Amino acid sequence: MELYKKSAHDLHDLLEKKEVTAVELADAFLERIDSIDSKLHAYITKTADTAMEAAKKADKKIAAEGKIPFLTGIPGAVKDNICTLGIRTTCASKMLDNFVPPYNAAVMDKIQKENAVILGKTNMDEFAMGGSTENSAFFPTHNPHNAEYVPGGSSGGSAAAVAGGLAAWALGSDTGGSIRQPASFCGIVGLKPTYGRVSRYGLVAYASSLDQIGPLTKDVTDCANILNVITGYDEKDSTSVKASSPDYTKSLIQDVKGLRIGIPAEYFVDGMDKEVAESIHMAINDFKAMGAEIIDISLPHTKYAVAAYYLLAPAEATTNLSRYDGVSYGERVNGDDIVSMMTNTRTEKFGSEVKRRIMMGNYALSAGYYDAYYLKALKIRTLVKEDYDRAFEKVDVILTPTAPTTAFKIGSMINDPLQMYLQDACTVPLNLAGLPGISLPCGVSSSGLPIGMQIIGKPLDEEGIIKAAYTYEQSKGFYKNIAEVTE
Amino acid sequence: MKVSGKDVENVAGLSRLRITEDKMDKYLIEFNDFLEYVDMLQKVDTENVEPTAHVLPLQNVFREDEIKPSLDRDMALSNAPEKENGYFKVPRIIE
């Protein structure tokens with residue numbers, strides 16, 4: 001089997017057994033990127049030189065120490081909204097075309113401490129606003145399973161890189177589904193941790209009360225291992241949770257006997273693909289056969305979550321993105337006075353979806369509409385959260401589809417933003433409630449596109465969802481599929 | 001129609017954005033579609049519901065006022081579109 005097809009934990013074992021060197025691994029992935037990325041466009045910036053340096057350093061460490069941390073020498077990719085010291089970080093926006101962060105995000109410090117090899121920065125919807133990676137100001141990313149289809153978004157570059165063998169693992173961010181939905185579309189594993197579990201320090205802010213960083217990986221074992229690396233309290237993030245981080249690899253056990261799995265009828269929305277619904281129902285039966293208890297539950301405010309999210313996230317975004325004023329960093333377009341300079345800069349350098357959300361957010365926050373829109377949405381958020389609180393009195397985890405459909409064709413929804421927003425129906429409620437969720441493959445459609453299921457956990461119970469996901473994965477083996485992309 | 005072209009222009013101004021005439025129709029339709037969609041929230045009774053701005057029971061985070069390393073001036077200015085003598089430079093504000 002080619003090296004680029006292997007999971008990160010398999011590569012880690014090969015490195016420790018000295019059957020391969022980190023330099024050989026880096027070479028294999030860089031070669032794969034050279035031959036395939038012109039077709040997939042997963043990367044905005046490739047960092048071959050620094051990757052090679054890191055690989056050489058990792059090899060020295062392996063020679064000296066024998067036993068190595070999980071990510072030592074393992075090639076991975078990072079979404080381009082996570083600040084990387086000295087490496088251009090664009091958020092897929094013309095606004096940050098030439099932005100080189102003078103500091104590292106907290107997660108980057110943790111990853112580099114392990115001597116991981118970073119291959120580059122991945123494509124995304126501009127400022128993480130979108131669900132298809134078509135809103136990138138540079139180019140769309142293509143789904144490795146079929147290049148005519150989107151990889152999902154906003155972490156579409158990270159998902160395509162892992163699914164296409166252009167990285168062994170990747171980091172993404174999830175504000176309304178941006179890790180889970182692309183993982184689902186690309187047939188890989190993606191986890192959004194509990195809000196506050198992973199430091200947001202150095203993650204370019206979109207909607208601060210919803211954003212979380214998380215891993216995109218080939219399987220659940222890699223997911224648990226990378227979560228171990230990136231979690232933990234950080235005093236530089238004031239919303240960081242002061243909870244101890246368990247060893248998530250201890251949850252990699254096959255056991256769902258007596259696990260109470262809730263199935264909310266409200267997540268099987270109108271317009272859901274028949275094949276997606278069938279796949280989820282089959283997975284439910286599989287869990288039942290493995291000894292889990294299946295319990296019907298109701299989350300009655302689910303249908304209001306998308307509307308609440310698309311008021312709250314833009315409201316937070318409009319505040320966060322006011323920093324792009326052409327003064328301290330980012331691009332500037334000159335004008336006669338300071339207001340025209342700012343207006344010219346923002347008008348020319350933001351893409352249309354970003355402008356739309358900034359304006360929607362300002363509208364929802366503006367005098368006369370604040371109570372009707374913003375405050376109302378905050379109250380709906382409470383109701384969505386209370387639905388989950390009640391459900392988790394009766395169940396341990398909740399199982400749903402990750403997205404109502406499989407990947408859609410590039411260009412098919414880009415002119416209908418509202419239709420695009422409805423794609424987020426199954427993922428945004430978790431962000432509103434701050435809950436952890438994992439997406440993992442549970443089938444393939446008749447047209448060969450992956451189907452994903454989502455397992456939702458109680459706050460800070462990443463262990464519960466990892467255990468359930470691992471049990472399913474090991475029994476079904478969907479994770480063994482990797483996209484065959486040929487030139 | 002919930003909002004007019006004038007409303008959109010107004011909110012664009014608040015956002016320091018300019019909408020060109022050829023794009024106005026598109027924004028107007030999208031804006032109205034969106035507001036019509038979120039109108040469903042008005043049907044929900046939230047009379048006795050507290051708003052949730054944040055899911056965590058957050059409190060002020062205090063720490064000792066100790067000096068720690070921070071970015072030096074050159075690094076902080078390294079991405080500035082325009083700078084002079086160690087400052088960010090902007091178009092004249094005060095006449």
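In what follows, every chain begins at residue 1, and chains take the letters A, B, ... in the order their sequences are listed. All values below come from the heavy atoms of this structure, side chains included, with hydrogens, waters and symmetry mates left out. Predicted model, so just to flag it, every value in this text is computed and none were measured.
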Among B/D33, B/V8, B/I19, B/T46, which residue forms the greatest number of heavy-atom pairs with chain A at distances under 4.5 Å?
B/T46
Answer with side chain, backbone, both or neither: which region of A/S322 has an atom nearer than 4.5 Å to a non-hydrogen atom of chain B?
neither
Heavy-atom contact with chain B under 4.5 Å, split by part of A/Y310
both
Measure A/L321 against the heavy atoms of chain B and call it side chain, backbone, both or neither at under 4.5 Å.
neither
Could you tell me whether A/R332 and B/E82 make a salt bridge, using a distance below 4.0 angstrom between a side-chain N and a carboxylate O?
yes
State, yes or no, whether a side-chain contact exists between B/Y37 and A/Y421 at a heavy-atom distance under 4.5 Å.
no
Residue A/V384 versus chain B: region with a heavy atom under 4.5 Å
neither
As a test of understanding, state which of A/I358, A/T318, A/N362 forms a side-chain contact (heavy atoms from CB on, under 4.5 Å) with B/V11.
A/N362
Under 4.5 Å from a heavy atom of chain A, the part of B/L41 involved
both
For residues B/K68 and A/E235, determine if any side-chain heavy atom of one lies less than 4.5 Å from a side-chain heavy atom of the other.
yes
Choice from B/I93, B/I29, B/T20, B/L35 maximising heavy atom contacts with chain A below 4.5 Å
B/L35
Please classify the contact between A/T194 and chain B as side chain, backbone, both or neither, with a heavy-atom cut-off of under 4.5 Å.
neither
